[in-house]
Amino acid sequence: MQESLFQEDDRCEQKTSNVMSQLQRDRALEGVVREILRKGRGSLEERFAHMFRASVDEILDGRRTMRFDFSKVSSVEKSYLGAKVEILAREEFDFGHGLKLDYMINGHEVDAKFSATGAWMIAPKNVGEILLVMQASEETSLFSVGVVRACEDLLRPAPTRDSKRSFSATGKDSITWLIEDAQYPRNQIMELFLRAPRAIEAIFASSGSGQQRVNELFRRLQGVHVHRTTVQTVAAQEDSSKRVRDARNELRDSGILILGYHRRHREIASALGIERISQGEWVSVKVFPAEPSCTERQAVIDGVPYRLARIGDGTAAAPNIPPENGT
């Protein structure tokens, strides 16, 4: 398979130039590749990775279903993933609508094809057309994106019952890869489940309301940068910010501080040595008043120095940090 076009190093421009020279025979295909790279604005891989994660999470629909494991999704729902990828890719890269195919890119009709396995099925209307082929697997968290013209001689001769065909080995080798076998983020709860299954099981086993589950989330997963989608899935509702605000109040007496994106929160996180908090993330930590002789990292809050709690510390209420706006 061809080497990825998208490389974050000094050779990227030369590689792109080499591939473009190979595409001189198909000016339309070359124009589509150039336009996608231009729209990527130097972050093509990152943006496709985000798009695939968002597509799968929308199918999981955690805020309504509390699901985080794609293997538990029905086959009917899984069949929607290709359409979701097509829509979100158009929105992410501002692809135009085609007159007969999915996209119009640099004046050329392009059809979107998605497969979790790379077994793209080519309908009769797609033969001879330019395709944006996309592959992403929740099992491996790997994805690839490429562009190819579905020429007759690149397709297997035996059609399926509905006349759809697949690429031959030569056809797959002809794909111009923009990104190949890159990593995209796992669903955070699934990632945490693989590392700490008992903690996740305990969170979802919490009896009572979604608020109690969110409290348990921040109680058990201290030091973890918890994403908004994770809070929505655990709470089984949309308003993640309110759940976090309430958890902050309810966990304060246990010495647990929940820090968010706002300036004062990030200042405290930095003072305590916590990795930068991005928008849409929260981190819970247990804190304790720092002794005069303490040499560990400290955050001064309302004139009182606090450090991260150690095993064996008693429990002292966490300070109240009113949010500047929201959470």
Side-chain angles (χ1 to χ4, degrees), residues 1-8 43-89 92 112-122 131-148 156 160 164-169 171-173 175-204 217 221 224-234 236:
M1 300 178 84
Q2 295 182 30
E3 190 171 15
S4 170
L5 281 181
F6 184 81
Q7 298 286 343
E8 292 288 348
S43 58
L44 191 72
E45 183 173 318
E46 179 183 351
R47 292 170 65 190
F48 265 110
H50 170 78
M51 185 273 294
F52 285 122
R53 179 70 268 149
S55 298
V56 176
D57 284 344
E58 287 196 22
I59 298 296
L60 286 168
D61 196 15
R63 65 185 182 276
R64 279 189 278 270
T65 66
M66 294 177 63
R67 297 181 304 198
F68 57 88
D69 185 349
F70 196 67
S71 69
K72 302 296 196 304
V73 173
S74 72
S75 58
V76 173
E77 290 176 289
K78 286 179 180 177
S79 69
Y80 300 154
L81 184 56
K84 184 65 65 176
V85 166
E86 172 207 326
I87 293 167
L88 293 191
E92 178 65 32
K113 292 293 176 185
F114 174 81
S115 169
T117 62
W120 303 282
M121 301 308 295
I122 313 305
L131 307 180
L132 177 64
V133 291
M134 296 173 278
Q135 176 184 358
S137 168
E138 279 289 277
E139 291 184 10
T140 64
S141 291
L142 296 177
F143 76 96
S144 299
V145 179
V147 180
V148 64
R156 296 185 184 279
T160 61
K164 290 185 178 180
R165 302 157 69 182
S166 60
F167 283 110
S168 64
K172 288 189 174 182
D173 286 342
I175 296 171
T176 299
W177 292 108
L178 309 178
I179 306 162
E180 189 172 13
D181 290 337
Q183 198 85 28
Y184 73 99
R186 289 185 184 272
N187 176 280
Q188 187 180 36
I189 303 178
M190 191 65 195
E191 182 73 21
L192 293 168
F193 179 78
L194 294 173
R195 288 163 37 194
R198 291 184 181 179
I200 299 302
E201 288 169 353
I203 291 166
F204 281 92
L217 171 72
L221 299 182
V224 174
H225 286 58
V226 175
H227 303 162
R228 186 184 307 278
T229 302
T230 296
V231 177
Q232 291 173 338
T233 300
V234 171

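Along the sequence shown, residues carry numbers from 1.
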Item checked: Heavy-atom check, side chain of Q135 versus side chain of K113, under 4.5 Å -> no
Next item on the list: Give, for atom NZ of K84 and atom CG of D57, the distance between the pair rounded to the nearest 0.5 Å.
Entry: 11.5 Å
Checklist line | Shortest non-hydrogen contact from A236 toward M66 | finding: CB-CG, 3.5 Å
Note to self: Does any part of the side chain of I179, heavy atoms only, come nearer than 4.5 Å to the side chain of Y184, both counted from C-beta?
What the structure shows: no
Notebook entry, point to check: Is the distance between the ring centroids of F114 and F143 under 6.0 Å?
Noted result: no
Check: Step by step, would you call V145 with V133 a side-chain contact (heavy atoms from CB on, under 4.5 Å)?
Finding: CA-CA 6 Å; V145 179; V133 291; over 6 Å; no
Next item on the list: Work out which heavy atom in P185 is nearest to a heavy atom in A49; give both atom names and the distance.
Entry: CD-O, 4.0 Å
Check: Do the rings of W120 and F167 sit parallel, tilted or perpendicular, given the 30° and 60° boundaries?
Finding: perpendicular
Check: When rounded to the nearest 0.5 angstrom, what distance separates CD1 in I87 from OH in Y80?
Finding: 12.5 Å
Notebook entry, point to check: Heavy-atom count around E139 CD within 6.0 Å, excluding the residue itself: above 12?
Noted result: no
Note to self: With no hydrogens and no angle check, just 3.5 Å: does a side-chain donor-acceptor pair link T230 and Q188?
What the structure shows: yes
Checklist line | V85 side chain reached by M134 side chain, heavy atoms, under 4.5 Å | finding: yes
Note to self: Using the rule given for side-chain contact (heavy atoms from CB on, under 4.5 Å), can you reason through E77 versus R67, listing the C-alpha separation, both sets of side-chain angles and the distance that settles it, and then say yes or no?
What the structure shows: CA-CA 13 Å; E77 290 176 289; R67 297 181 304 198; 3.0 Å; yes
Next item on the list: May I ask you to check whether S55 and E58 show a side-chain donor-acceptor distance below 3.5 Å?
Entry: no
Checklist line | Main-chain N/O of R156 paired with R165 side-chain donor or acceptor, under 3.5 Å | finding: yes
Notebook entry, point to check: Between atom OG1 of T140 and atom CG of D181, what is the distance when rounded to the nearest 0.5 Å?
Noted result: 8.0 Å
Next item on the list: Begin from the C-alpha positions of F68 and I200 and carry the test side-chain contact (heavy atoms from CB on, under 4.5 Å) through to its verdict.
Entry: CA-CA 11 Å; F68 57 88; I200 299 302; 4.2 Å; yes
Notebook entry, point to check: Once you round to the nearest 0.5 Å, how far does OG1 of T233 lie from CD1 of I203?
Noted result: 12.0 Å
Next item on the list: Heavy atoms only: give me the nearest Q183-L142 pair and the separation to one decimal.
Entry: OE1-CD2, 3.5 Å
Note to self: Counting C-beta onward and ignoring hydrogens, is there a side-chain heavy-atom pair between N187 and V56 closer than 4.5 Å?
What the structure shows: no
Note to self: Please find the pair of heavy atoms, one from W177 and one from S144, that lie closest to each other, and give the distance.
What the structure shows: CZ3-CB, 3.6 Å
Item checked: Within-4.5 Å side-chain heavy-atom neighbours: L194 and R186 -> yes
Check: Does NE2 in H50 sit with more than 12 non-hydrogen atoms of other residues, nucleotides or ligands closer than 6.0 Å?
Finding: no
Check: Would you call I175 and V147 a side-chain contact if the rule is heavy atoms closer than 4.5 Å?
Finding: no
Next item on the list: Search all heavy atoms of A116 against all heavy atoms of S137 and return the closest pair with its distance.
Entry: O-CB, 3.9 Å
Checklist line | Side-chain heavy atoms of D69 within contact of F193, under 4.5 Å | finding: no
Check: When you measure from the side chain of S43 to the backbone N and O of R47, does any donor-acceptor pair fall under 3.5 Å?
Finding: no
Checklist line | Test: K78 and E138 ion pair at under 4.0 Å | finding: no
Margin query: Looking at every non-hydrogen atom in both residues, tell me the closest pair between S166 and M121 and how far apart they are.
Written below: CB-SD, 4.3 Å
Item checked: Point-to-point distance, once rounded to the nearest 0.5 Å, from CG of L44 to CZ of F48 -> 5.5 Å
Next item on the list: With rounding to the nearest 0.5 Å, note down the distance linking CG in L221 to CZ in R195.
Entry: 8.5 Å
Checklist line | 4.5 Å side-chain heavy-atom contact, L60 and V73 | finding: yes
